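Here's the structure we're looking at; comments come further down.
Residue numbers start from 1 in every chain, and the chains themselves are labelled A, B, ... in the order their sequence lines are given, proteins ahead of strands. The basis for the numbers below is simple: all heavy atoms, side chains too, and nothing from hydrogens, waters or symmetry mates. All values reported here derive from a predicted model rather than from experimental measurement.
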Amino acid sequence: GQQVMQIPQYQHVQEGEDFTTYCNSSTTLSNIQWYKQRPGGHPVFLIQLVKSGEVKKQKRLTFQFGEAKKNSSLHITATQTTDVGTYFCAGLNDYKLSFGAGTTVTVRA
Amino acid sequence: NAGVMQNPRHLVRRRGQEARLRCSPMKGHSHVYWYRQLPEEGLKFMVYLQKENIIDESGMPKERFSAEFPKEGPSILRIQQVVRGDSAAYFCASSRDRAQNEKLFFGSGTQLSVL
């Protein structure tokens, strides 16, 4: 079955620094979605990428979808304490979303 | 506009008891998904339902677990004869249409603790 892998599992970032989290699928995806889950909270949709090579930005967050539609990345610039949480990518194949294990981000002030 | 409503928020059961988790999707949504999350792990797909139909239950254990989404009322995830390994957060999500190009809206989850 489809597997979605995310690295790194943990990301400890100094406030103000940049970081990137990566997502790889074992199969070609229809689209990829990113969610954020704050500690003790539930996943909240961030963005969806559909087209090969697509790049989307949300303020300090940049999302990319690979040319082969099997990988994706999330880059955050100038990390803030509000960025704390776990970021999940989820690959869509037909109707089923398969989530990666997530990258848990902590921020040092 | 109420979001996806899950209850109870926390559920404590002793081994061998039954757990019933409820999920009311967002208004206008007829597609419901159940996911399970263990500490520091991702969300594992369990089951996908439309009104009165189970579309895909490939992620759900064959024994003790069942799910339904009746014509009227919330979707129910039922776990019979719970064991300690069932302790986890169970999230329900809904969408207006099939997840193809549709984002999922998640409920706040039910934290199940089995003593």
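Counting non-hydrogen atoms of neighbouring residues, nucleotides and ligands closer than 6.0 angstrom, the CZ atom of A:Arg60 exceeds 12 such neighbours. The local environment of NZ in B:Lys51 is crowded, with over 12 non-hydrogen atoms from other residues, nucleotides or ligands closer than 6.0 Å. The number of heavy atoms from other shown groups lying within 6.0 Å of CZ (B:Arg96) does not exceed 12.
Here B:Phe45 contributes atom CZ and A:Leu97 contributes atom CG; the two are 9.5 Å apart, rounded to the nearest 0.5 Å. Atom CZ of A:Phe99 sits about 11.5 Å away from atom NZ of B:Lys44, to the nearest 0.5 Å. Atom OG1 of A:Thr86 sits about 7.5 Å away from atom CD of B:Gln37, to the nearest 0.5 Å. In this structure, NE2 on A:His42 lies 9.5 Å from CD on B:Gln6, to the nearest 0.5 angstrom.
Heavy atoms closer than 4.5 Å to chain A are found nowhere in B:Gln111, neither backbone nor side chain. Residue contact with chain A, scored on non-hydrogen atoms closer than 4.5 Å, is absent for B:Phe105. For A:Gln9, the part lying under 4.5 angstrom from a heavy atom of chain B is the side chain only.
Residues B:Leu104 and A:Tyr35 have side chains in contact (heavy-atom distance under 4.5 Å, counting atoms from C-beta outward).
Note on A:Leu46 and A:Val107: same hydrophobic cluster, where clusters join Ile, Leu, Val, Met, Phe, Trp and Tyr whose side-chain heavy atoms are under 4.5 Å apart, directly or indirectly. A single hydrophobic cluster is not seen to contain both B:Tyr35 and B:Met46; linkage of ILVMFWY side chains at heavy-atom distances under 4.5 Å, directly or through other members, places them apart. Hydrophobic clustering places A:Phe19 together with A:Leu74 (ILVMFWY residues linked when any side-chain heavy atoms are closer than 4.5 Å, directly or through intermediates). B:Phe65 and B:Ile76 fall into different hydrophobic clusters, defined by Ile, Leu, Val, Met, Phe, Trp and Tyr side-chain heavy atoms under 4.5 Å apart, directly or through other members. A continuous path of hydrophobic side-chain contacts links B:Val82 to B:Leu21 [ILVMFWY only; heavy atoms under 4.5 Å].
Separation of the A:Phe45 and B:Phe106 ring centroids does not fall under the 6.0 Å cut-off.
Of the listed residues (A:Gly102, A:Pro43, A:Ala101), the one with the most heavy-atom contacts under 4.5 Å to chain B is A:Pro43.
Smallest separation of non-hydrogen atoms from A:Phe88 and B:Gly42: CE2-CA, 3.5 Å.
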